[in-house]
Amino acid sequence: MVCGGFVCTKNSLCALNILYVMVSLLLIGVAAWGKWFGLVTSFRVVAGVIGVGIFLLFVAFVGLCGALKHHQVLLFFYMIILFLVFMVQLSVSAACLAINKEQQKELEVGWNKSEATQKDVEKTLNCCGFFHPNYNGTCDADCFSNPLSCNPCAPIIQSHAEEVLRFLGGIGCFFSFTEILGVWLTHRYRNQKDSHPNSGAFL
């Protein structure tokens, strides 16, 4: 069987969806691990990551079932969902790569919205407060035992923000192109004939 035939396209589509299953399980596992060990205390962050993982797992499951059974309806919906995810992810990735330093300064808005996020950042980066440490308040950073040695978090966050955004943007762009590859493979696979057709595939 030459590559490009029915079996090759089917195997490629299955391999792509197995990759999505692995990524989704990794997202769910890392989020649960971070929450369990107290590395991340924000429930919204953990719930968001787990939600993305579950959604990706569902999409991959639909793609695997459609590929294994050559089910036209499942493949059609899989192709539509994957294309929508591609557009959203590519837009978000482009935004991450295009964000400038002035926009990075608006991180204070997100900082003020979540006390749990503040605690996570202060503990991880060993800093207190956003622009100025609050010596009369509380802080989870180790340096707070000697408050005068604590630095504000804003400069540290901004120094890492550009690097992190570029990394996330690059990863997002990579996965968005695997998604458009999945759309192309699905479209190609739907139009190919199975040498052993499944009578229920078109129901």
Side-chain angles (χ1 to χ4, degrees), residues 18-61 84-179:
I18 290 173
L19 173 64
Y20 290 155
V21 169
M22 294 173 63
V23 171
S24 65
L25 293 176
L26 181 64
L27 285 172
I28 296 170
V30 168
W33 177 78
K35 182 64 176 176
W36 179 266
F37 285 95
L39 300 177
V40 181
T41 58
S42 175
F43 179 76
R44 290 183 179 181
V45 172
V46 174
V49 174
I50 291 178
V52 170
I54 292 174
F55 175 75
L56 184 58
L57 185 63
F58 169 75
V59 173
F61 179 75
L84 293 175
V85 172
F86 161 75
M87 291 194 297
V88 172
Q89 187 165 321
L90 186 63
S91 301
V92 172
S93 300
C96 287
L97 293 172
I99 193 169
N100 55 43
K101 291 185 178 180
E102 291 300 320
Q103 291 170 320
Q104 291 175 22
K105 292 180 180 178
E106 297 178 4
L107 290 170
E108 186 181 8
V109 177
W111 173 274
N112 293 328
K113 284 184 178 180
S114 174
E115 185 177 348
T117 301
Q118 293 179 24
K119 292 180 178 180
D120 286 337
V121 173
E122 288 173 342
K123 184 177 180 180
T124 303
L125 300 181
N126 197 29
C127 58
C128 289
F130 195 74
F131 287 117
H132 304 285
N134 182 10
Y135 299 118
N136 296 323
T138 58
C139 178
D140 290 347
D142 294 334
C143 67
F144 198 66
S145 57
N146 183 14
L148 295 178
S149 67
C150 279
N151 296 316
C153 295
I156 302 175
I157 293 173
Q158 290 174 4
S159 67
H160 293 291
E162 186 175 357
E163 181 180 350
V164 171
L165 287 170
R166 284 183 178 178
F167 176 77
L168 292 176
I171 293 295
C173 285
F174 170 76
F175 275 102
S176 63
F177 285 110
T178 67
E179 287 156 5

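All of these numbers come straight from a predicted model, not from anything done at the bench.
Looking at every heavy atom in both residues, Gly129 comes nearest to Glu122 through N-OE2, 3.2 Å. For Phe86 against Ser176, the heavy-atom pair with the smallest separation is CD1-O, 2.9 Å. The nearest pair of heavy atoms linking Asn151 to Cys127 is O-CB, 3.1 Å.
Taking CD1 of Ile50 as the reference point, atom CG of Leu57 lies at 12.5 Å (rounded to 0.5 Å).
Counting heavy-atom neighbours within 6.0 Å of Met22 CE, excluding the residue itself, gives a total of 12 or less.
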Carefully, step by step, assess Cys128 and Cys139 under the rule disulfide (SG to SG under 2.5 Å).
CA-CA 6 Å; Cys128 289; Cys139 178; 2.0 Å; yes

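Within the 3.5 Å criterion, the main-chain N or O of Asn126 finds no donor-acceptor partner in the side chain of Asp142.
Between Glu179 and the options Leu90, Val85, Leu84, Val59, a side-chain contact (heavy atoms from CB on, under 4.5 Å) holds for only Val85.
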